[in-house]
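Working notes, structure below.
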Amino acid sequence: MSTQEGSTAMPEEQSAVTAGPVLSVVVYGRNVQGHLAAGLDALAAQASPGVEVIVAAVGASARDAASGRPGVTVVPLPEGTDDAAARVAGAQRAGGRWLHFVHSKDTVPTGAPRTVGDRVADLGDGVDVLVVDHVRSTWRHQGMPSPDGKHLARQGRRDLPPADCPDLLRVTPLLGNRVLRAEFWREHAEHLAGHDETYAAYAALLLADRIATLDQVALNVRELRTESLPTGRPEERFGVIDRYESLLALTADLGLPAAPRAALYDVMTGDCLRVIAREKLPDPVRREFFHRASKAAVAWRPEGYRRPGGLEGVRRRILEEDAYTKYRTFQTANQQRRKLRSAVVARKHKVGVKVRDLRYRRELERPVDPGLAVFTAYWDRGVACNPAAIAAKLAELAPHIHPVWVVSAANVPLLPPGTDHIVPGTRRYWEVLARAKYLVNNVNFPNAVVKRPDAIHVQTHHGTPLKRMGLDQLDYPAAAKGLNFHSLLERVDKWTYSVSANSHSTQMWERAYPSRYESLDYGYPRNDVFYSATAADIRAIRERLGIAPGKRAILYAPTHRDYEAAWTPRLDLAALADRLGEDTVLLVRGHYFYGGATSPLAGLRKSGRIIDVSSYDPVEDLSLAADALITDYSSIMFDYANLDRPIVVYADDWETYAKTRGVYFDLMVEAPGKVARTQEELTEVFTSEAWHDESAAKARKAFRERFCEYDDGRAAERVVRRVFLGESEESLPPVTPVDERTPAPTPEEATTR
């Protein structure tokens, strides 16, 4: 048996090496379709002292693919060794305190081993299992998100016994999305090592003393086309029922309470009904499967269990009655109803699309209206961002051009009185889009919108890019989440102009969105207000927000994370407010991706020192009202820097964010002020006054010079004059140098004016 021991440990603390790895990634199995080498390349590139890679290589092809790789330990196994035995062999050789099993056909995303290692290193001794998220890739699609995120996000950073987190039994049953404490694996080898993967995945949760979660993708499951083809004898499907009965027997042996038993029972009956309804089985086999599933459903139904409502509840009742003929009749009737309903809907949709296309094409044959401009922002949310600032300046400099806003039906009541608007999908919507000369958006218009040769499309964007965008997301499938890059480029090809706030943005847009548009290096129009707002404006905003005179207001505005299903504040806001004292008010703004989902803040508002501003618009008002900004990786930092006020970066998961989402520069090196990695560090930054000391000011100055390059208060004017009035580049107001600008007064200055 030949073995290569890891030799590429990163130069970190020597103690981490001598203490042994925290995490062993155990890759096991054959070299399926030659996928093993690529997965090991990715793992080897992420070598670190806390993470080791063990390959339980089945057969010569797997051994050859794994051999000769620095930092990889190879355990050669004979051809024909099954996956369960390969996992056992790999685990026996592993030295990590935690085990992450990864099948040889699957891969581990960039940054995941380090992130998982960091998470398990922080877990207490009583935690046995860490459940992580995953994506799926097929021969047709890459990086499709799993349905598990909502279950993981609900638990957050807590570790709980199985009785208190029964919904985790609904997480996809993969060993690769359960990271196991090595000692726990050895203690329960009978159930974890001696069974198939699905059984072991469920058993791990049932046997654990406590379970933690990590709402981040740590596994890319490759679903091979051959796996979807029928294999073996149909009667082998009876094993599905046997497996669940064994698991339910285990819950009884362990004396688990009702909640996890009910959750597992729910999964069993639902899974059995899916086999009956969707798998191609000979009718005698299907009938026998139904009969056995019925016996299991009756035998293992928990006391007090209530069936779900609706059609699913009817199916389960029929299953318990063992009424196969009745079930088939019920399913046939439902299928007929679905087909009829689908046909009606499809027919209506087809007719509607034809009528829409006909009207739209007819309007496209009419001349473009030079006095008509369409504006929209954030997927038709309302009057906001750069388009709103341009529209306001347009009314001042070119009142002969009529603005029309695209707004979703739900947001129409929120429009300023008198705003001319169109709702997507309506007849006037397509008429206006067809004839408008100017189309202004901070995202993209739908694919169906035609770019007329004499129309002008203005892409304003809605932030300076720290995270990877556009084509630069190709290497980050978890972030791209199935983005169709061909369609994206078709939309980009419609741009006439792209508005930019700095040279960095211009270069990144040209790389991420390559096309023939012209870059308007004029600054972001939405930031003009940071140079035009008066002391009276700032006092009025703070009064609207309920900030008492003399109070210090700190705006906390974190960004969206692609590896989180829902927004949860990463700070203990109540504790932070207490430490900062009664003279400080926290303005807390959740990312707009999560809409009104701000329930984590509900209990904190009562203190009076925490104000939930997640639904407040415009966000520029919040920046003007705040004495300082706390953010993580949100583009608000680039805008707020125009005010030359303190910015503190709270980067508790920078490595995870950078490796999962991809970034254009190292924010830890080029931060706009102080950086805190823990809540204690953040608190210390404010209580020690370091948030506005000389070094913070120096960092902010360098940041402003780079990223506020074109923002001088006249961006909207330059856009209107160049785009709508056709003025030459040379006639536009020149950009004022950063050190010659005067931002709006601070809240403290505003109280004295």
Side-chain angles (χ1 to χ4, degrees), residues 377-378 384-390 440-444 457-473 476 479 488-489 491-492 494-531 557 559-560 619-620 623 629 631-643 647 649 657-658 661-667 669-672 700-719 722-723 729 732 734-738 741:
Y378 297 119
C385 194
N386 291 314
I390 294 172
V440 184
N441 203 336
N442 72 351
V443 285
N444 268 307
H457 285 227
V458 182
Q459 170 59 254
T460 73
H461 304 282
H462 53 276
T464 290
L466 167 63
K467 63 186 179 184
R468 296 293 183 106
M469 304 292 288
L471 295 189
D472 288 335
Q473 292 177 267
Y476 298 89
L488 170 66
L489 290 177
R491 294 190 292 271
V492 170
K494 298 173 186 177
W495 300 356
T496 310
Y497 298 109
S498 168
V499 179
S500 180
N502 47 65
S503 300
H504 162 78
S505 293
T506 301
Q507 294 170 1
M508 296 309 102
W509 298 148
E510 289 174 352
R511 189 173 97 181
Y513 306 118
S515 193
R516 296 185 180 275
Y517 55 82
E518 178 183 342
S519 183
L520 302 181
D521 296 341
Y522 296 165
Y524 271 166
R526 71 183 184 189
N527 292 340
D528 288 352
V529 69
F530 294 145
Y531 296 94
T559 192
H560 165 69
V619 69
E620 290 76 27
S623 295
L629 170 69
T631 189
D632 40 26
Y633 324 120
S634 170
S635 65
I636 193 174
M637 73 177 80
F638 302 100
D639 304 322
Y640 191 83
N642 281 284
L643 291 167
I647 302 172
V649 174
Y657 185 85
R661 189 57 173 85
V663 293
Y664 286 118
F665 65 92
D666 190 345
L667 184 64
V669 176
E670 300 180 72
R700 186 169 69 251
K701 182 177 186 297
F703 193 85
R704 292 185 71 230
E705 288 174 350
R706 181 180 180 190
F707 296 112
C708 301
E709 186 177 1
Y710 308 136
D711 288 338
D712 65 350
R714 303 188 71 178
E717 179 184 352
R718 284 189 280 267
V719 172
R722 176 76 175 86
V723 175
E729 195 78 33
L732 302 180
V735 174
T736 304
V738 175
R741 302 173 195 166

Can you list everything that forms a side chain to side chain donor-acceptor pair (under 3.5 Å) with R704? Sequence neighbours excluded, please.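 So R704 forms no side chain to side chain donor-acceptor pair (under 3.5 Å) with any residue.
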[Y] side chain reached by [X] side chain, heavy atoms, under 4.5 Å:
| X | Y | value |
| --- | --- | --- |
| V443 | H462 | yes |
| V649 | P672 | yes |
| S503 | Y710 | yes |
| Y664 | R468 | yes |
| N386 | V458 | no |
| C385 | Y378 | yes |
| P465 | S635 | no |
| K467 | Y633 | no |

Can you name the closest pair of heavy atoms from [X] and [Y] and give their distance?
| X | Y | answer |
| --- | --- | --- |
| N441 | P387 | C-CG, 4.1 Å |
| A389 | A716 | O-CB, 3.8 Å |
| L643 | S623 | CD1-O, 3.5 Å |
| G470 | L488 | CA-CD2, 3.9 Å |
| P525 | A715 | N-CB, 3.7 Å |
| L489 | P514 | CD2-CD, 4.2 Å |

Any idea how H504 and F665 line up, ring-wise: parallel (<30°), tilted (30 to 60°), or perpendicular (>60°)? perpendicular
field: Intermediate values then yes/no, side chain to side chain contact (heavy atoms under 4.5 Å, CB included), E729 and Y522
entry: CA-CA 10 Å; E729 195 78 33; Y522 296 165; 2.9 Å; yes
inquiry  = Apply side chain to side chain contact (heavy atoms under 4.5 Å, CB included) to residues Y513 and M469 and explain how you reach the verdict.
reply    = CA-CA 8 Å; Y513 306 118; M469 304 292 288; 3.6 Å; yes
Worksheet item: Hey, does the side chain of R741 reach the backbone of D711 with a donor-acceptor pair shorter than 3.5 angstrom?
Response: yes
Is it the case that the side chain of D632 and the backbone of T559 share a donor-acceptor pair, with hydrogens and angles ignored and the cut-off at 3.5 Å? yes
Taking atom [atom1] of [X] and atom [atom2] of [Y], what is their separation to the nearest 0.5 Å?
| X | Y | atom1 | atom2 | answer |
| --- | --- | --- | --- | --- |
| R714 | L732 | CZ | CG | 9.5 Å |
| S498 | L520 | OG | CG | 7.5 Å |
| T464 | I636 | OG1 | CD1 | 12.5 Å |
| C708 | R700 | SG | CZ | 11.0 Å |

So the salt bridge (Lys or Arg N to Asp or Glu O under 4.0 Å) pairs with at least one residue in residues 496-523 (sequence neighbours excluded) are D472-R511, E518-R722
* Mind checking what makes side-chain contact (heavy atoms from CB on, under 4.5 Å) contact with D639, not counting sequence neighbours? ->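 Residues passing side-chain contact (heavy atoms from CB on, under 4.5 Å) with D639: Y524, R526, N527, F530.
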**Message:** Aromatic contact between Y517 and W509, with the criterion being ring centroids under 6.0 Å apart: yes or no?
**Reply:**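 Centroid distance Y517-W509: not below 6.0 Å, so no.
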Per side-chain contact (heavy atoms from CB on, under 4.5 Å), N444 is matched among Q459, K494, H457 by Q459
Using a strict threshold of under 4.0 Å (side-chain N to carboxylate O), is an ion pair present between R718 and D528? no
